[in-house]
Amino acid sequence: LSQETRSEAASEVVAVLPDRAHDLARLHTLARRGEPTVTVIGKYNHGKSRLLNELIGRDAFAVADRRETVQLADSLHEGVRWLDAPGLDADVGTGDDRHALQAAWLESDIRLFVHAAKEGELDTRELSLLEALRADGARTRRQTLFVLSQADQLADDSELAKVGDAIGAQVPGLSLNFVSSTRYRKGLEGDKKLLLQKSGIPDLRLALGAALAGVPHARAHETALLFGEIRAELQALRAERQVALEALHQTQREQRQDFDEGLEAVIEKVGQAIGALLDALGTDHAIVPDSAKDAYAITAGKVERAQIQIGYSRACIEIDAFLAGHGVVGLPQAQQTAARSLNSVMVAVMGVSVKFRKDLRRMFCEALGRQRMQDEFTQYFEISADRQALAARISETESAIAALDRASAALATLESAA
Amino acid sequence: MKIDVSHEQRLIAEIDSFEFVAQDVEGILQALNDWLARLSADLQASLLTCTGFREQSALARQAEAINAVVRNGMHAWSRQRTSMEAVHALADTFDDKVLLLVFGKFNAGKSSFCNLLADRFAAHGKTVEYFYLEGGRIVETPERFKEGATETTARLQGVRLGEKLVLLDTPGLHSVTPENAALTQRFTESADGVLWLTSSTSPGQVQELDELGRELHRNKPLLPVVTRSDLYEEDEVDGELCKFLRNKTGQNRAEQEADIQTRAEQKLLSMGVDAALLGTPVSISALMARQQEQTPAAMSEAGFERLYAALLAITEPTLVYKRRKVAEVVLHHLEEQVLGMLRREVLPLLAELNVALLAAMERIEVRRDQIAAAVWRGVIPALPELLDTFPATRDLDAICHSLSRSIFEIFSGAANAQLADHAVEPALSLAQIELPEGADFEDIVVDSSGETGEQRQVVGVAYERLYGAMEAAIRHSLLRLCENAAEQCRVSTRQLVEQTGRLEDALVLHEQDLFDLKGDLRR
């Protein structure tokens, strides 16, 4: 998988699960299949760099009796990557903590938690970090080895044991590695067996070796765990969105059905009224020109026209009021004159021309005419503000689901390459 | 060390010769009291009123919460004034003494430090009296402070060195037990300076200083002391481990001190504290001093001569501070309990309320339009039926009346829902439907006059124009109703915005006044 494909896939997932950004970064690290990484973690000046130098067997990391490491430093040695993190608490609010975080969480397979024996018990900050690391270990199987460093800086073994007991009481079940880098160095230089043995470095090496042997297995476990969690979260989120989408569709359908049925009933009602009116009229006088008619016929024509006008106008009012109740025609924006009672929707569908009997019959009494009104008013219903807002929410939810599907696909791509 | 008088002797001698002459602070005390009286009067007058808001609305509750904080505050200040008499009494008992807080984490070596200084004073023939706090009382004890690598000092303890110096060993400035809270507070209130002990193993964790914020803002000098500046050297000789303790080297100490100096300065700056309060850090090893039998040379090598010099350097400002201490104590009370409380608790609430009010203001228009649309949708569909039922009687007044009632009901419901925070009083008169002259049912008449004479025939009743006129009248009525409600909301919201502004202004003004008074006092 190319670097580009990989980071595109990761951003597809992060786009929908921003809280998983860290896990994806960790998966990225895992996918690189680099050397097992051992990270030292702890307060500054507690002898982290010195410990690494002794474990590696050369002075790869800078050492001083003050704040020193402020950048991430690493060194490759015998197939293991050794990572020196800046001290915890070194400078609050600067980049140090970020580097420490990166080293502790993103890069490491094994953590060496270092605490100087002379400092006695762990303080609150150390304690909570150690507990977080141990909890992470239970989850991801990344091991944390606790190193009680600078063991030579207590007056005697019983003082050292007291400190060990106190820390054991703070963190039950913690196994301690008593270590003195100074003793080790001195023992090597002077070939002194007791110093070497009491340095704790050989024992720590053994413990580290065992932990390193378990790294491939732990990595496989962690990879599967993270993919599994993210996949499940994507699925849960998708199911949740799907339910929301269905509810929205349901609302959309119900509103539409309500409108359709209401409109049909109104059209039916006014159609019947107009049908009855037309049936009662008998001969159509209106189509005979007045000039060719007798006085009776002229009058009858006028009466018919007037009656038709009244009937049509009532039909329009019924429909208009129904449309207002469904938000198709909203509150008129500007003040309208009393004369202009019909709004633009009505005008668009009904037209402005004078209606003759045949027009009315076609519009109101024939299936085709009624269907045309039904269809056209429905179109206006669909573009009314409320319906549009509902449609927009549906389309947003659909986009969200599509994004989740893309994320799932991207995750599958990443997983197949892992 | 032969002829020269050591700093140790000078320190002990100088401390014994302290003369405390109180500065005349009557005038400034009066000014501080006047300031509090003015502030209280202003606050009382600036309490927020929530006319136009429902009592249970979020905004009214927010405003009432602010009032409650202010009222409780004013109540508490007067009580604290009384209890401050007690602080005065305690301060009086320390008025001829220098009181230093020994601050640091449990593993900073505070106990060894205090015990060693006690030994030194004893060595110079001074009395040494240990005490600790329990159940809110001071308990005298013959026992020295307990030392140990895993020690967790959980109580406030102290030692009187000679007649004029008191060291207070505190596990933290927050009292461990509630019954000791008042006394801890009084002690820290009375402290003249702070020794910040930080272990050489992990020196200068400046975030610890956060806890000292209050003391430092009280202008108390701060001296960083790097403790346990020693290390064991080991070797294996004939299969046996032998080890000896030595002081850290001068260069090593200088590096640690310089690092602490730089970062503590940055920290104080970020806390808004005058960096001039910071003394030059010194490194010591109580363990080395003790192992080497506290000889003058050992004391000097363990760093104590430098410590004594630093202590001498901070006693001068301490003395100056003590002379005006009575007024400082009152000033601290006003800065921290009074102004500090207002700043901490009231200002954020006011800011929150302001944001909420602005948002409420912006919502009003949208809500008004939503109400109008809802009323329109509710009223118009009933219109055709209404017109159908009345042609017989043509009772327009009855139709209008029925419409008005329906408008008003639907409006009231919608306004209640949409403007839930506001106590809107809908104006019934605005729901009145008024039709223009001539809007009525129309008889459609056909004129069939001809040879048979004049004939008019009523064909039917039309109400197309009436319908139009009614729509217009309904629109007019509901827009007036909605705008009237919106205006009520705007007026009450604006009133509350103005009130919060006045309260904020008052706080800023009084803060400046107090700042000026502080300047006068410390000049």
Side-chain angles (χ1 to χ4, degrees), chain A residues 43-46 64-67 87 89 91-92 116-121 123 150 152-155 159 162-163 165-166 182-183 186-187 190 192-195 198 295 298-299 302-303 306-307 309-310 313-314 316-318 320-322 324-327 330-332 335-341, chain B residues 105-107 148-152 199-207 228 231-232 234-236 239-241 243 248 252 255-256 259 263 372-373 376-378 380-384 387 436 439 444 446-448 450-452 455 457 459-465 467-469 471-472 475-476 478:
Chain A
K43 295 208 159 184
Y44 67 93
N45 217 34
H46 278 217
D65 188 18
R66 63 189 167 104
R67 203 164 54 112
D89 285 357
D91 259 322
V92 181
K118 197 177 178 182
E119 290 290 275
E121 295 176 347
D123 73 11
Q150 301 175 359
D152 56 307
Q153 288 302 312
L154 287 183
E159 286 297 315
K162 262 195 232 165
V163 174
D165 291 347
T182 312
R183 279 179 187 164
K186 204 157 209 156
K192 295 176 173 169
K193 293 206 168 47
L194 184 62
L195 278 179
K198 289 195 71 134
I298 291 170
T299 308
K302 282 183 182 170
V303 170
Q307 283 175 334
Q309 182 55 41
I310 292 169
S313 148
R314 288 195 184 177
C316 287
I317 287 171
E318 284 277 357
D320 183 70
F322 171 81
H326 282 80
L331 181 67
Q335 179 71 41
Q336 289 179 325
T337 58
R340 218 197 128 256
S341 67
Chain B
K105 287 181 39 186
F106 63 87
N107 51 15
T150 65
E151 156 210 39
T152 23
S199 162
S200 168
T201 308
S202 202
Q205 301 192 33
V206 290
Q207 71 279 2
R228 311 167 139 217
L231 77 164
Y232 280 103
E234 281 183 340
D235 208 348
E236 185 181 336
E240 293 273 330
L241 204 61
K243 64 199 296 174
K248 285 193 176 171
N252 194 337
E255 279 174 5
Q256 290 199 336
D259 187 44
R263 279 181 308 124
W376 183 255
R377 271 175 89 146
I380 298 297
L383 210 48
L387 290 168
I444 301 300
V446 168
D447 181 6
S448 55
E451 290 147 23
T452 47
Q455 271 198 353
Q457 185 185 347
V459 182
V461 182
Y463 45 70
E464 189 178 345
R465 273 195 297 189
Y467 177 75
E471 275 195 327
R475 180 181 184 279
H476 186 60
L478 73 89

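None of these values were measured; they are calculated from a predicted model. Reminder, nothing fancy here: chain letters follow the sequence lines and each chain counts from 1.
Contact check for K118(A) versus R228(B): side-chain heavy atoms found under the 4.5 Å cut-off. Side chains of R183(A) and K243(B) form a contact here, defined as non-hydrogen atoms less than 4.5 Å apart. Contact of the E236(B) side chain with the K186(A) side chain is not registered, since no non-hydrogen atoms from C-beta on lie closer than 4.5 Å. Residues T201(B) and N45(A) have side chains not in contact (no heavy-atom distance under 4.5 Å, counting atoms from C-beta outward). Here the side chains of R314(A) and P384(B) are not in contact, with every heavy-atom distance at 4.5 Å or above. Considering only heavy atoms from C-beta on, L241(B) comes within 4.5 Å of K198(A) through its side chain.
Closest of all the heavy-atom pairs between G325(A) and R377(B) is O-NE, 3.4 Å. Of all heavy-atom pairs between W376(B) and L331(A), the closest is CE3-CD1, 3.3 Å. Considering all non-hydrogen atoms of both residues, R263(B) and Y44(A) come closest at NH2-OH, 3.3 Å. When all heavy atoms of E119(A) and S199(B) are compared, the closest pair comes out as OE2-OG, 2.8 Å. The two residues L154(A) and Y232(B) have their closest heavy-atom pair at C-CE1, 3.6 Å. Minimum heavy-atom separation, Y467(B) to D320(A): OH-OD2, 2.6 Å.
Put simply, of A155(A), A306(A), G190(A), G187(A), the one with the most heavy-atom pairs under 4.5 Å next to chain B is A155(A).
Side-chain contact annotation: T182(A) with E234(B), donor-acceptor N/O pair under 3.5 Å absent.
Interface residue L194(A): backbone and side-chain heavy atoms are both found under 4.5 Å from chain B. Proximity to chain A (any heavy atom under 4.5 Å) is shown, for L383(B), by neither the backbone nor the side chain.
Within the model, atoms CD1 of I444(B) and NZ of K302(A) stand 13.5 Å from one another, a figure rounded to the nearest 0.5 Å.
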